[in-house]
Student: 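Before anything else, here's the structure in question.
Indexing begins at 1, ligand by ligand and atom by atom, following the structure's order.
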Amino acid sequence: MIDIRNITKEFDGNYVLAGVSETIRKGEIFAIIGPSGQGKTTLLRILGLLERPTSGQVLLEGRSIIHLSDNDPVRRRIGMVFQNHIAFKDSVYNNIAIGLRYRRFGKDEIKKKLLQKLDEIGLTGYENRKATTLSGGEKQRVSLARVMITGPDILILDEPTANLDPVSTEVIENLIRYYNKELGTTVIMSTHDLVQGQRLADRVAVMMNGRFIQSGTIFDVFTRPCSVDVAKFIGIGNILPGKIIRKENGLSVILTHDIEIHAISDIPEGTMVRLAIRPEEITLYTGPAQLSSARNVISGTVTDIRPFGIISLIGVKSGDLNLSAQVTWQSINELDLKPGIQVVLSFKAPSVHIMQEGNHHGCL
Ligand code: ADP
Ligand code: MG
C-alpha cells in the first residue's frame with residue numbers, strides 16, 4: 001500500500017534518516033521500534049505529510065505523495081496522532097469536531113458522528129468537559145477520536161502510549177486494535193515499548209542510526225536479532241563473544257570463555273561470533289545432573305539474585321563465563337537458591353542464537 005523508497009532526511013548537515021526502505025501492507029499494524037533519537041518521529045512525520053524527505057520517495061498505491069499540495073484530497077486518507085497529545089483549551093466536543101468543521105460538515109451530522117466517536121472511545125457524557133482538564137489517557141483518546149472522525153484509512157501513531165499508566169495504555173491499545181480490525185485501518189506506529197510491539201504489531205522494523213536495520217514478524221526479530229545492537233535492544237540477557245571451533249553432528253560448537261556451547265548455525269568454522277541466549281531458555285537446577293535432552297549443560301556457582309516482579313534473574317559463574325537464568329520465586333524457595341551455592345544450567349542448541357561479529361550478518 002505504501003512504498004517507502006530510500007528516504008533520507010538531513011537537518012543542519014546531519015542525516016537523521018540515512019536511507020529507509022520498506023513496504024507497508026494494506027490492513028496491517030506496522031510498528032517501528034528502536035531507542036530514542038534514531039529517527040522514528042522524523043520518518044512518521046514524512047509519512048504523515050508534515051515533512052518532506054531530503055531524497056527518496058513515498059508512494060501511496062503507486063503514486064508519489066511527497067509533494068502534495070495542502071488541499072490535496074489524498075491528505076485526508078492519512079491521519080496522524082502525535083506523541084504529546086495536544087488538547088486545545090476548549091471543550092472535548094470542539095476538540096474532536098475541528099476536522100469536520102474544517103470540511104464544512106453540517107451541525108447535525110457533526111453531532112451524530114461525534115456522539116458515536118465519544119461512545120467508541122468510552123467518553124460518553126464528556127462533550128462539555130474542558131479537554132485540558134482530562135487525564136493523559138483521556139486526552140490521548142480524544143486525540144485518536146479527533147483524527148479517526150474524519151475517516152482516514154491510514155493511521156500514524158507516534159509512541160501512542162508514552163507516559164501513560166498501564167490501564168490507559170490498555171485502553172489505547174484496544175482502540176488501535178479496534179480501528180485496525182473493525183474499520184480496516186492500516187496502522188503505522190512507533191514505540192520504544194517492545195512488549196507493545198509484540199502485543200499489537202503484525203510486523204516490526206528496528207530503527208537504528210536512521211535506518212531499518214531489521215524488519216520482519218515479531219517472531220523473526222525477537223528470536224533472530226541480526227546484530228548485537230538489536231539483541232541488546234530487544235533485551236536478550238546473555239550476549240557472549242565466541243568462536244566457532246568445529247562442526248559436530250550438524251551442530252556448531254562455539255568456544256566462549258573456555259566453555260564449549262552447542263548451537264545451530266550455518267556460519268563457517270573459524271568465524272568469530274556472538275552468542276545470544278535468553279535467560280528464560282535456561283533451566284536451572286541443583287543436585288545431581290538430571291536426564292535432559294539439552295545439549296548444553298554447565299555447572300557453576302550462584303553469584304547474585306535479581307528480582308524482576310514475579311521472576312528473578314539468577315547470575316551464575318562458571319570459570320570466566322557469566323550467565324543469567326530466569327526462575328520463579330517459587331523455585332528460589334524450593335531450591336533454596338542463594339549466592340555461593342552450586343547449580344547446573346541447561347539449555348538446548350536451538351536456544352542459542354548466533355550472530356556474526358562485525359559485519360552485521362543478516363541485517364538490512
Ligand atoms: P526518535 O523519534 O527515534 O526519538 P527523532 O526522529 O525525533 O528520533 O530524532 C532523530 C534526530 O533528529 C535527533 O537527533 C533529533 O534531534 C533530530 N531532529 C529531529 N527533528 C529535527 C529538526 N526539525 N531539526 C533538527 N534536528 C532534528
Ligand atoms: Mg520520537
Side-chain angles (χ1 to χ4, degrees), residues 2 4-22 24 29-58 65-68 70 78-87 136-137 139-141 143-144 146-147 154-165 168-169 172-173 175-176 186-201 203-216 218 221-222 225-235 360 363-364:
I2 301 171
I4 304 166
R5 294 199 183 154
N6 208 17
I7 289 287
T8 71
K9 181 69 183 179
E10 182 198 329
F11 288 118
D12 317 318
N14 293 321
Y15 276 88
V16 167
L17 296 179
V20 178
S21 299
E22 181 63 50
I24 314 283
I29 300 183
F30 180 78
I32 302 168
I33 59 176
S36 63
Q38 307 297 306
K40 299 185 297 297
T41 298
T42 304
L43 178 63
L44 291 181
R45 286 176 56 83
I46 290 170
L47 300 179
L49 310 179
L50 301 167
E51 196 103 57
R52 284 178 182 167
T54 303
S55 67
Q57 265 302 341
V58 181
I65 54 168
I66 58 174
H67 291 297
L68 293 183
D70 284 349
I78 304 172
M80 178 157 179
V81 176
F82 302 93
Q83 178 169 356
N84 299 315
H85 5 94
I86 319 163
K139 277 185 199 152
Q140 189 64 315
R141 283 190 258 169
S143 302
L144 269 172
R146 177 169 49 216
V147 166
I154 299 160
L155 176 62
I156 298 177
L157 303 163
D158 192 10
E159 305 215 17
T161 61
N163 311 318
L164 294 186
D165 61 87
S168 301
T169 296
I172 298 291
E173 288 181 358
L175 275 170
I176 295 170
T186 302
V187 178
I188 307 170
M189 61 184 286
S190 68
T191 180
H192 62 268
D193 179 353
L194 295 165
V195 187
Q196 175 164 76
Q198 270 174 306
R199 280 194 298 264
L200 286 178
R203 285 191 309 128
V204 296
V206 183
M207 182 162 254
M208 283 185 178
N209 300 317
R211 288 175 194 279
F212 284 159
I213 181 169
Q214 186 171 11
S215 73
I218 303 290
V221 175
F222 283 74
C226 68
S227 75
V228 172
D229 288 341
V230 177
K232 282 184 181 155
F233 179 67
I234 63 172
H360 286 185
C363 285
L364 295 172

Student: Do ligand 1 and Q38 have nitrogen or oxygen atoms that lie under 3.5 Å from each other?
Tutor: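 In this structure, Q38 places an N or O atom under 3.5 Å from an N or O of ligand 1.
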Student: Are any of the protein's heavy atoms under 4.0 angstrom from atom 15 (C) of ligand 1, yes or no?
Tutor: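 Neighbour list for atom 15 (C) of ligand 1 is empty of protein heavy atoms (cut-off 4.0 Å).
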Student: Could an N or O of ligand 1 be found under 3.5 Å from any N or O of S36, whether backbone or side chain?
Tutor: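 N/O-N/O distance under 3.5 Å: no.
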Student: Which of the numbered atoms in ligand 1 are under 4.0 angstrom from any heavy atom belonging to V16?
Tutor: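 Those atoms are 10 (C), 11 (C), 12 (O), 17 (C).
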Student: Backbone N or O of A205 within a donor-acceptor pair of the Q214 side chain at under 3.5 Å?
Tutor: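 Checking the backbone N and O of A205 against the side chain of Q214, no donor-acceptor pair under 3.5 Å is found.
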Student: So if I count the atoms of ligand 1 from 1 in the order they appear, which ones are less than 4.0 Å from some heavy atom of K40?
Tutor: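 Every atom of ligand 1 under 4.0 Å from some heavy atom of K40: 1 (P), 2 (O), 3 (O), 4 (O), 6 (O), 8 (O).
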Student: Quick one: does K40's side chain have a donor or acceptor within less than 3.5 Å of a partner on I32's backbone?
Tutor: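 Checking the backbone N and O of I32 against the side chain of K40, no donor-acceptor pair under 3.5 Å is found.
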Student: Side chains of Q196 and T161 only: does a donor on one sit below 3.5 Å from an acceptor on the other?
Tutor: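 Side chains of Q196 and T161: pair found under 3.5 Å.
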Student: Find all atoms of ligand 1 within a distance of less than 4.0 Å from any non-hydrogen atom belonging to T41, and give their numbers and elements.
Tutor: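 With T41 as reference, the close atoms of ligand 1 come out as 1 (P), 2 (O), 6 (O), 7 (O).
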Student: Do any of the N, O or S atoms of S36 sit under 2.8 Å from the Mg ion (ligand 2)?
Tutor: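 Coordinating: no.
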Student: Please work out which of S190, P35, G39 has its closest non-hydrogen atom nearest to atom 8 (O) of ligand 1.
Tutor: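 Residue with the shortest heavy-atom distance to the ligand atom: G39.
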Student: Among all the protein's non-hydrogen atoms, which is closest to atom 27 (C) of ligand 1, and how far away is it?
Tutor: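 The closest one turns out to be F11 CD1, 3.3 Å.
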Student: With distance as the sole test, does Q38 use its side chain to make a donor-acceptor pair with the main-chain N or O of G210 at under 3.5 Å?
Tutor: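 Judged by distance alone, no pair lies under 3.5 Å.
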Student: Taking N or O atoms only and a 3.5 Å limit, does G37 qualify as a polar contact for ligand 1?
Tutor: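 Checking ligand 1 against G37, an N or O pair does fall under 3.5 Å apart.
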Student: Under 4.0 Å, heavy atoms only, figure out whether ligand 1 is touched by the backbone of T42, its side chain, both or neither.
Tutor: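 Both backbone and side chain of T42 come within 4.0 Å of ligand 1.
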Student: Scan side-chain atoms only and decide if T8 and S55 contain a donor-acceptor pair under the 3.5 Å cut-off.
Tutor: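 There is such a pair (donor and acceptor under 3.5 Å, judged by atom type) between the side chains of T8 and S55.
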Student: Would you say R5's side chain and G56's backbone share a donor-acceptor pair under 3.5 angstrom?
Tutor: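 A pair under 3.5 Å: no.
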Student: Do E22 and S215 meet the criterion of a side-chain donor-acceptor pair at a distance under 3.5 Å?
Tutor: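 Yes, because at least one side-chain N or O of E22 sits under 3.5 Å from a partner of the opposite role on S215.
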Student: For atom 1 (P) of ligand 1, is the nearest protein heavy atom closer than 4.0 Å?
Tutor: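 True for atom 1 (P) of ligand 1.
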Student: Cut-off 3.5 Å, side chains only: do N6 and S21 have a donor facing an acceptor?
Tutor: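 Note: N6 and S21 side chains miss the donor-acceptor criterion.
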